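Structure below; questions to follow.
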Number of protein chains: 2
Amino acid sequence: MLSQKSKYALRALLLLARQPPGEMVLVGEIAEQQNVPHKFLELILLELRKQGILFSQRGRNGGYTLARPKEAITFGEVIRIMDGPLAPLPCASVAGYRRCVDCQDERTCEIRQVMCSVRNAVADVLDNTSLADAIANGLSRERTALAS
Amino acid sequence: MLSQKSKYALRALLLLARQPPGEMVLVGEIAEQQNVPHKFLELILLELRKQGILFSQRGRNGGYTLARPKEAITFGEVIRIMDGPLAPLPCASVAGYRRCVDCQDERTCEIRQVMCSVRNAVADVLDNTSLADAIANGLSRERTALAS
DNA sequence: TGCTTTCCCTATAAAGATAATAGGATTATA
DNA sequence: TATAATCCTATTATCTTTATAGGGAAAGCA
């Protein structure tokens, strides 16, 4: 399940991705527009900055902006930062592998094998969807909906 | 993330799937072999029985057995019973759809669209993997491992 | 220089979900 | 009727998520 934190993070990033490149936006503006608690959003944006997703400036005329082009930020990267590994089980994770303490034989564990397939299927979607992709799909859907 | 409950449930079901069809197994035996708390496993098996996955018999010579052939029980079905919908967001779920309370326009929500893709990718794996499939894959991997 | 605005940082509380335990009720068999 | 097993409800314990609070530090401007 996607956490509230990831949802807020993605909302904020999509909002920033819709701005002209380099445009600074205040935490308060994002919070208000997206219905996210201000202070909670601060924590989220702070973490995204530390992880190189956002660039920030303090003081007057400060705010946040994407640290990279919107084509170069994927859903997978964002969700991993907020929620941790994509895999349904630690033992099926590539980046965040951890052995199951009560697993009798990982090499033959059927559950692990299936969860590895799930992990790959999920990563295939999320690591290949950028903020730009998501926005573009949204627009094309919108056009389709209006045309029909 | 897969819950402990789902993991225990799948372990128990895979154990039962490896028995001769119709063979009754005690909760206590499953709990011991799979390192699962006895009383907790009882709750899990009980729910699986209510949902038509297991058949049980009380009293002496009682126990649990699969209510259907192992080819006809999928990971998706089991995980939905234990953990609820597969989708990362309620608004992206087919079976358990629920609107996001703070969503401004679901029709154009980019996050929802991506999460629908994730849901489909996950369901595609889990709804097409039966207990029998998982056991068969495990064996073939074992053979491969031994051969190499 | 001092004032304001903004992000930055740490700590903690509140709420909810998950995991587990407990104790007995019911049923089938020998 | 004794026994062994599942069945059922309630409760506790633990952990995670979500959110709040209060101030610290830097940037710009008068």
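Quick note on labels: first sequence line is chain A, next is B, and so on, each numbered from 1. Every value quoted in this text rests on a predicted model; they were computed, and no experiment measured them.
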query: How many Å lie between CG on L43(B) and P on dG24(C), as a whole number?
result: 17 Å
message: Looking at dT26(C), I'd like to know if its phosphate oxygens (OP1 or OP2) sit under 4.0 Å from a side-chain N or O belonging to R60(B).
response: no
query: Between Y64(A) and L41(B), who's closer to the 5' end of DNA chain C by nearest nucleotide?
result: Y64(A)
- prompt: Taking OP1 and OP2 of dA17(C), is either one under 4.0 Å from a side-chain nitrogen or oxygen of S3(B)?
  reply: no
query: Do NZ/NE/NH1/NH2 and the carboxylate oxygens of K50(A) and E47(A) come within less than 4.0 Å?
result: no
Atom pair distance, as rounded to whole Å: CG in L54(B) and P in dA5(D): 18 Å
task: Would you kindly give the CZ-to-C1' distance between F40(A) and dA14(C), to the nearest whole Å?
output: 13 Å
field: Point-to-point distance, once rounded to the nearest 0.5 Å, from SG of C100(B) to CD of E106(B)
entry: 7.0 Å
query: Should L43(B) and L2(B) be counted in the same cluster of Ile, Leu, Val, Met, Phe, Trp and Tyr side chains packed under 4.5 Å apart?
result: yes
- request: Can you spot which of K7(A), R18(A), K70(A) makes a salt bridge (Lys or Arg N to Asp or Glu O under 4.0 Å) with E110(B)?
  value: R18(A)
statement: Separation of dA13(D) atom P from Q4(B) atom CD, nearest Å, is 20 Å
- prompt: Do any side-chain nitrogens or oxygens of Q57(A) fall under 4.0 Å of OP1 or OP2 in dG28(D)?
  reply: yes
message: Please confirm whether the shortest side-chain N or O distance from Y8(B) to OP1 or OP2 of dT18(C) is below 4.0 Å.
response: no
- line: Assert: residue with more 5' nearest nucleotide on DNA chain D, out of N61(A) and P37(A), is P37(A)
message: Does dC9(C) have OP1 or OP2 under 4.0 Å away from a side-chain N or O of R49(A)?
response: yes
- prompt: Between D83(B) (CG) and dT18(C) (P), how many Å, whole number?
  reply: 7 Å
task: Run the salt-bridge test on E77(A) and R80(A) with the 4.0 Å N-O cut-off and return the result as yes or no.
output: no
task: Using whole Å, report how far CG of L46(B) lies from P of dA5(D).
output: 17 Å
query: Checking all strands, does G28(A) fall into the base, sugar-phosphate, or nothing category for heavy-atom contacts under 4.0 angstrom?
result: nothing
- request: May I have the distance from M1(A) (atom CE) to dG16(C) (atom P), rounded to whole angstrom?
  value: 16 Å
task: Select base, sugar-phosphate, or nothing to describe what K50(A) touches, counting heavy atoms under 4.0 Å on all strands.
output: sugar-phosphate
- prompt: Nearest-Å distance, NZ (K39(A)) to P (dT17(D))?
  reply: 22 Å
field: hbond_proxy E42(B) side chain to dC7(D) base (donor-acceptor, 3.5 Å cutoff)
entry: yes
